*Asks:* 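Quick one: this structure, given as structure tokens, is what I'll be asking you about.
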Protein chains: 2
Amino acid sequence: MTMADDTQRSGHVPTLADVARAARVSSATVSRCLNEPHRVTRQTRERVMRVVRELGYAPNFGARALAARRTDTFGAVIPTMDNAIFARGLQAFQEEMGRHGITLLVASSSYDPGLEQEQIRNLAARGVDGVMLIGHDRPEDSYRLLQRRGVPYVVTWSHDPSQPHPSIGFDNRKAMMALMEQVIRLGHRHVGLLSGVRYGNDRARLRAEGVAESMQRAGIAADNLTTVEARYSIDAGAAGFAQLMQRRPRPTVVVCGNDVLAAGALRQARAMGLNVPGDVSITGFDDIDLAEIVTPGLTTVHVPHRQMGRGAAEILMKLRDGQDPVPPVELKASILWRESLGAAP
Amino acid sequence: MTMADDTQRSGHVPTLADVARAARVSSATVSRCLNEPHRVTRQTRERVMRVVRELGYAPNFGARALAARRTDTFGAVIPTMDNAIFARGLQAFQEEMGRHGITLLVASSSYDPGLEQEQIRNLAARGVDGVMLIGHDRPEDSYRLLQRRGVPYVVTWSHDPSQPHPSIGFDNRKAMMALMEQVIRLGHRHVGLLSGVRYGNDRARLRAEGVAESMQRAGIAADNLTTVEARYSIDAGAAGFAQLMQRRPRPTVVVCGNDVLAAGALRQARAMGLNVPGDVSITGFDDIDLAEIVTPGLTTVHVPHRQMGRGAAEILMKLRDGQDPVPPVELKASILWRESLGAAP
DNA sequence: TTGTTACTTGTAAGCGCTTACATCGCGTCA
DNA sequence: TGACGCGATGTAAGCGCTTACAAGTAACAA
């Protein structure tokens with residue numbers, strides 16, 4: 001008969017109805033077998049599941065989401081996948097989600113607020129049940145978009161109680177100030193700041209502010225701080241470092257906005273025949289794998305990536321389940337000593 | 001009736017119908033404004049678009065996919081996001097897709113064929129118009145799944161004309177043999193192979209085979225090759241290196257399955273007080289950023305990541321547009337000399 | 001026997017969109 | 001003037017699923 005033919009037809013993607021027909025039950029029963037197996041007799045269930053397997057049936061996600069009004073999918077928008085800055089945190093986030101049967105959709109914004117907004121909109125359109133965001137800085141519109149659609153979100157990588165958003169992260173300014181305290185203690189008075197691009201990036205901004213504030217508190221002239229902004233890439237870090245080394249008097253330490261920049265600085269230092277930390281000290285931020293394997297090892301700020309990722313997942317699930325409000329969570333960042341920071345020459 | 005009330009209800013996500021009502025047109029017209037603006041008069045279009053903005057309307061992706069039977073979304077399943085091995089290629093893939101108005105969904109399989117299959121199924125259920133896969137090795141089922149649902153796919157990172165799948169990549173065995181030729185030329189006769197896990201990973205397998213075959217061709221006893229398998233992580237690389245250094249006679253070179261392992265090896269060598277390449281040479285594979293910034297710089301196999309990513313996107317779009325068959329594309333990998341490979345001591 | 005309960009299964013109404021087809025005006029041309 | 005074509009818009013039929021509700025059945029107590 002033609003029904004069978006239809007089912008077999010190459011190129012035809014089997015639907016619930018195909019399965020129902022072949023198993024001689026209604027589509028509702030098939031749906032139940034898939035979603036609430038206990039509500040179906042074993043006999044029926046087994047027959048249905050066999051057909052499901054034979055036909056290679058997989059539910060159409062869009063249709064399911066449309067009918068059920070939930071997707072069991074969360075989204076994350078991270079600034080970049082190009083380096084490992086967010087990898088560990090995201091991995092932990094993903095693992096925690098997986099444990100709860102939730103799928104993760106990852107999008108990257110290339111550190112571009114406009115693009116990020118588009119990605120958020122995209123995730124919302126895909127019906128995600130929640131979104132993880134990096135940092136607080138973004139157009140108010142982006143937040144409104146989510147609120148209006150009733151999509152819960154959590155901000156990570158940054159702790160700022162003045163912001164009205166659910167969040168989990170650490171105080172970037174404070175962390176940088178803790179590092180600077182050590183830098184200053186070691187006698188450095190001329191510092192080069194190799195910052196990430198601050199526009200639309202509160203982490204970069206707060207870290208930079210932390211440097212300036214520490215110097216001010218220590219009574220060091222603002223003049224003694226030279227700042228260069230660079231994209232977060234090794235090459236840009238190298239170029240930025242070279243630029244800082246032009247400055248006279250030459251900085252005795254280059255404080256970097258993150259480890260990727262620091263790795264670039266280190267490379268450039270080597271290329272220029274500068275000894276680190278003998279001639280110039282270099283510090284990083286984030287403590288990604290990179291920080292450990294470069295030579296000399298980077299003294300950096302250790303960020304609790306995994307804890308942050310896991311925590312973000314938990315918050316998001318609470319939010320989805322209606323718990324509201326969830327207070328901001330502050331995590332501690334600590335200084336990790338390796339070899340790249342030494343006494344001022 | 002309740003419709004008007006419904007529209008006002010706070011928390012209500014606006015639909016096409018809401019927009020249509022507010023703009024006093026039919027839902028078909030709104031749909032046209034969004035998808036084929038030229039088919040609507042400017043006047044109507046502007047009125048509609050204003051309402052769209054006011055209501056913050058965003059189309060429901062699932063519903064659209066359901067009705068239109070296409071998603072303008074492609075998927076990629078990569079083994080890991082934890083390190084940068086696939087980052088550059090994926091970035092290029094993404095960029096090319098973006099140029100064509102296509103969204104990319106990225107999933108990671110943790111180098112687990114079972115998980116990969118699940119991710120493929122997931123992407124298929126989400127209605128992606130095509131999938132990028134890494135390497136050839138996977139259960140036949142995974143391929144069947146895609147074929148049965150008519151989802152085009154392209155295999156990357158590997159070139160193997162004997163495989164019946166559309167692909168773009170390089171010959172991992174040949175590339176490794178080219179590197180080994182140099183290793184042997186430099187007098188190395190005792191080699192340690194720090195391989196990635198070969199099960200379900202043809203790249204790792206073929207690279208390892210390349211090492212063995214090169215030695216055989218050079219008339220070096222198979223005994224002189226010691227192989228250790230490790231997960232692709234820095235720590236595992238370090239541990240594997242330590243293990244290889246136990247072997248007597250000690251290998252004069254450690255050939256690594258990729259740069260991440262090599263970075264781990266380098267770290268361990270330093271920890272053991274071994275000079276590279278003075279006491280022992282180390283080689284990498286892939287030429288990711290890491291390879292350049294470690295000390296000494298890694299001599300490695302340069303892989304045309306970006307070219308591969310872009311090419312994969314092009315192939316996938318051809319496939320989607322019905323062009324079939326698309327012959328496998330072979331890219332060239334070349335040796336990139338830095339400092340970590342030297343003459344045998 | 002009959003009513004009640006507990007389960008299993010089926011029926012059918014949407015979910016929010018796209019699109020084939022119908023309709024409506026209006027300018028054009030013989 | 002009327003037939004015609006054409007562009008703009010509306011109508012309505014699904015796309016593949018979930019789920020409230022109805023219907024059917026078997027077990028059991030009264």
Side-chain angles (χ1 to χ4, degrees), chain A residues 6-7 11-49 51-52 55-73 124-127 129 149-150, chain B residues 1-3 6-7 9 12-48 51-52 55-73 124-127 129 149-150:
Chain A
D6 211 53
T7 310
H12 176 78
V13 178
T15 69
L16 243 211
D18 295 328
V19 176
R21 208 176 300 129
R24 323 195 137 283
V25 294
S26 75
S27 63
T29 300
V30 179
S31 175
R32 280 185 209 108
C33 283
L34 265 25
N35 300 310
E36 328 167 86
H38 61 277
R39 310 234 302 100
V40 174
T41 50
R42 202 164 65 88
Q43 194 185 359
T44 314
R45 195 186 334 137
E46 281 170 0
R47 180 154 39 95
V48 170
M49 293 314 275
V51 175
V52 165
L55 259 44
Y57 169 78
N60 176 312
F61 187 84
R64 173 183 290 205
L66 194 56
R69 290 102 174 296
R70 72 186 149 60
T71 56
D72 293 329
T73 298
R126 291 187 128 84
D129 298 336
R149 303 188 60 123
Chain B
M1 50 190 268
T2 59
M3 272 186 163
D6 217 50
T7 309
R9 200 177 69 234
H12 174 78
V13 177
T15 69
L16 244 210
D18 296 326
V19 176
R21 205 175 303 127
R24 323 195 138 283
V25 294
S26 74
S27 64
T29 300
V30 179
S31 175
R32 280 187 207 107
C33 283
L34 264 27
N35 300 310
E36 329 167 87
H38 61 277
R39 310 234 303 100
V40 175
T41 50
R42 203 164 64 89
Q43 194 186 359
T44 313
R45 196 187 330 138
E46 281 171 0
R47 179 156 39 96
V48 170
V51 174
V52 163
L55 258 44
Y57 168 78
N60 177 312
F61 186 85
R64 173 183 288 202
L66 194 56
R69 291 101 177 297
R70 75 188 146 57
T71 56
D72 293 329
T73 299
R126 291 188 128 82
D129 298 337
R149 302 189 61 122

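This structure is a prediction, so every number in the text was calculated from the model and none was measured. Letters A, B, ... are given to chains in the order of the sequence lines, protein chains preceding strands, and every chain is numbered from 1.
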*Asks:* Crowded around A/Gln43 CD? As in, over 12 foreign heavy atoms under 6.0 Å?
*Replies:* no
*Asks:* Mapping B/Arg47 and B/Leu66 to their closest nucleotides on DNA chain D, which lands nearer the 5' end?
*Replies:* B/Arg47
*Asks:* Output yes when a side-chain donor or acceptor of B/Arg47 lies under 3.5 Å from a complementary backbone atom of B/Ala23, and no otherwise.
*Replies:*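 Answer holds: yes.
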*Asks:* Using chain B heavy atoms and a threshold of under 4.0 Å, write down where along DNA chain D the contacts begin and end, 5' to 3'.
*Replies:*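 Under 4.0 Å from chain B, the extent on DNA chain D is D/dA8 to D/dG16.
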*Asks:* Checking A/Thr71 side chain against A/Ala65 main chain: does a donor-acceptor pair fall under 3.5 Å?
*Replies:*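 Not a single qualifying donor-acceptor pair exists.
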*Asks:* If you look at every strand shown and take non-hydrogen atoms under 4.0 Å, does A/Phe61 touch a base, only sugar-phosphate, or nothing?
*Replies:* nothing
*Asks:* Show your reasoning for whether side-chain contact (heavy atoms from CB on, under 4.5 Å) applies to A/Thr15 and A/Val19.
*Replies:* CA-CA 7 Å; A/Thr15 69; A/Val19 176; over 6 Å; no
*Asks:* Run the numbers on A/Arg70 and A/Asp72 for side-chain contact (heavy atoms from CB on, under 4.5 Å), then give the verdict.
*Replies:* CA-CA 6 Å; A/Arg70 72 186 149 60; A/Asp72 293 329; 3.2 Å; yes
*Asks:* Quick check on DNA chain C: between B/Pro14 and A/Val25, whose nearest nucleotide comes earlier from the 5' end?
*Replies:*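 Mapping each residue to its closest nucleotide by heavy atoms, the 5'-most match is A/Val25.
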*Asks:* Which ones in residues 28-35 of chain B lie close to DNA chain C, meaning a heavy atom under 4.0 Å from one of its atoms?
*Replies:* B/Ala28, B/Ser31, B/Arg32, B/Asn35
*Asks:* Using a distance-only test with no angle check, is there a side-chain donor-acceptor pair under 3.5 angstrom linking A/Thr73 and B/Arg126?
*Replies:*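 A/Thr73 vs B/Arg126: donor-acceptor pair found between side chains.
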*Asks:* For B/Ala20, is there any backbone N or O sitting under 3.5 Å from a side-chain donor or acceptor partner on B/Ser27?
*Replies:* no
*Asks:* Could you walk me through whether B/Tyr57 and B/Leu16 pass side-chain contact (heavy atoms from CB on, under 4.5 Å), step by step?
*Replies:* CA-CA 8 Å; B/Tyr57 168 78; B/Leu16 244 210; 3.7 Å; yes
